[in-house]
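None of these values were measured; they are calculated from a predicted model. First listed ligand is number 1; within each ligand, the first listed atom is number 1.
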Amino acid sequence: MNAAGSLRGRLAICPGSFDPVTLGHLDIIRRAAKMFDQVIVAVLVNPGKNPSFTVEERMDMLRRSVDGIGNVTVECFDGLLADYTRQKGAQVIVRGLRAVTDFEYEFQMALANRKMNGNIDTVFLTTSAEYMYLSSSMVKSIACFGGDISDFVPACICREISERLCLPAYRRQPDDVSK
Ligand code: ADP
C-alpha cells in the first residue's frame with residue numbers, strides 16, 4: 001500500500017504470452033486498469049515456447065485491443081519478470097486465475113518473484129465466469145479447423161487470427177454455406 005493506503009498511484013504489470021490475446025485477457029486488463037493508475041501489458045519474449053505469433057504481432061494485436069483504455073500501454077520483455085518489474089519501478093504484478101489448477105504454479109511464481117524483488121506483490125484477479133474456459137491455445141485449436149472464434153477474441157483482430165491460423169483444408173470459400 002502507498003502512503004494513502006490504497007492501490008492508487010501504483011504501476012501494475014500484466015505479463016503473459018498473449019499468443020494471441022483473448023477476451024479473457026482483455027477482461028483482466030480492463031479490470032486492472034480500473035484498480036491501478038498505470039498498467040503495462042508486458043508480452044513475454046520466450047524463445048522456448050514456440051509461439052504462433054511473433055512478439056511484434058502479439059503486441060500489435062494487444063495495442064489494437066486496448067485502444068481507448070487510456071492508462072494501458074503495451075511492451076515486451078525478456079529475461080526475468082522480477083528484473084523487468086524492478087527496471088520499470090512497478091509495485092504490482094497482475095495475474096488472472098481461471099481454476100484451482102492455475103493456482104499452484106501461480107503461487108510458486110508469486111513467491112519466487114517476491115524473493116527476487118522484495119518490492120513486488122502479485123495480485124490475482126479471478127476470471128469472469130463467462131471466460132473461465134477460455135485460453136489462447138483453445139482459440140488456436142478452433143481457428144485452425146475453421147471454427148468461429150468471434151466470441152473468444154476482440155472483434156478487431158478476429159479475422160486476422162482466423163486467416164492466419166486456419167489450415168488450407170478447412171478454409172471456407174466466400175459462397176460456401178454448407179460448413
Ligand atoms: P502465460 O503463458 O504467462 O500464462 P497467458 O497469455 O496464457 O500467459 O496468460 C496471461 C495471463 O492472463 C495469466 O495470468 C493468465 O492466467 C491470464 N488469463 C488467460 N486467460 C484467462 C481467462 N480466460 N480468464 C482470466 N485470466 C486469464
Would you say [X] has any N or O atom under 3.5 Å from an N or O of ligand 1, going by distance alone?
| X | answer |
| --- | --- |
| His25 | yes |
| Gly96 | yes |
| Ser17 | yes |
| Asp102 | no |

* Would you mind telling me which of Cys166, Ser141, Cys158 makes a side-chain contact (heavy atoms from CB on, under 4.5 Å) with Ile149? => Cys158
Is the backbone of [Y] close enough, under 3.5 Å, to the side chain of [X] for a donor and an acceptor to pair up by distance?
| X | Y | result |
| --- | --- | --- |
| Arg58 | Cys76 | no |
| Glu75 | Ala42 | no |
| Arg164 | Ser52 | yes |
| Arg10 | Phe36 | no |

* To do: Answer yes or no: is there an ion pair linking Arg86 with Asp83, defined by an N-O contact shorter than 4.0 Å?
  => yes
* **Atoms in ligand 1 flagged as close to Gly16, the criterion being non-hydrogen separation under 4.0 Å** => 3 (O), 8 (O), 10 (C)
* Asked: Of all the atoms in ligand 1, which lie at a distance below 4.0 Å from a heavy atom belonging to Phe18?
  -> 6 (O)
* To do: Might you confirm whether atom CE of Met116 has over 12 heavy atoms from other residues, nucleotides or ligands at distances under 6.0 Å?
  => yes
* Asked: Quick one: which of Ile28, Val139, Thr127 has a heavy atom closest to atom 26 (N) of ligand 1?
  -> Ile28
* Nearest to atom 4 (O) of ligand 1 by heavy atom, Glu130, Met132, Arg95: which? -> Arg95
* Asked: How are the rings of Phe145 and Tyr170 set to each other: parallel, tilted or perpendicular (split at 30° and 60°)?
  -> perpendicular
* Counting heavy atoms only, which part of Leu134 comes closer than 4.0 Å to ligand 1: side chain, backbone, both or neither? -> both
* Within reach of ligand 1, part of Cys14 (heavy-atom separation under 4.0 Å) -> neither
* Structure fact -> Of all protein heavy atoms, the one nearest atom 21 (C) of ligand 1 is Arg98 CD, 3.6 Å
* To do: Give a yes/no verdict on whether any heavy atom in Pro15 is under 4.0 Å from an atom of ligand 1.
  => yes
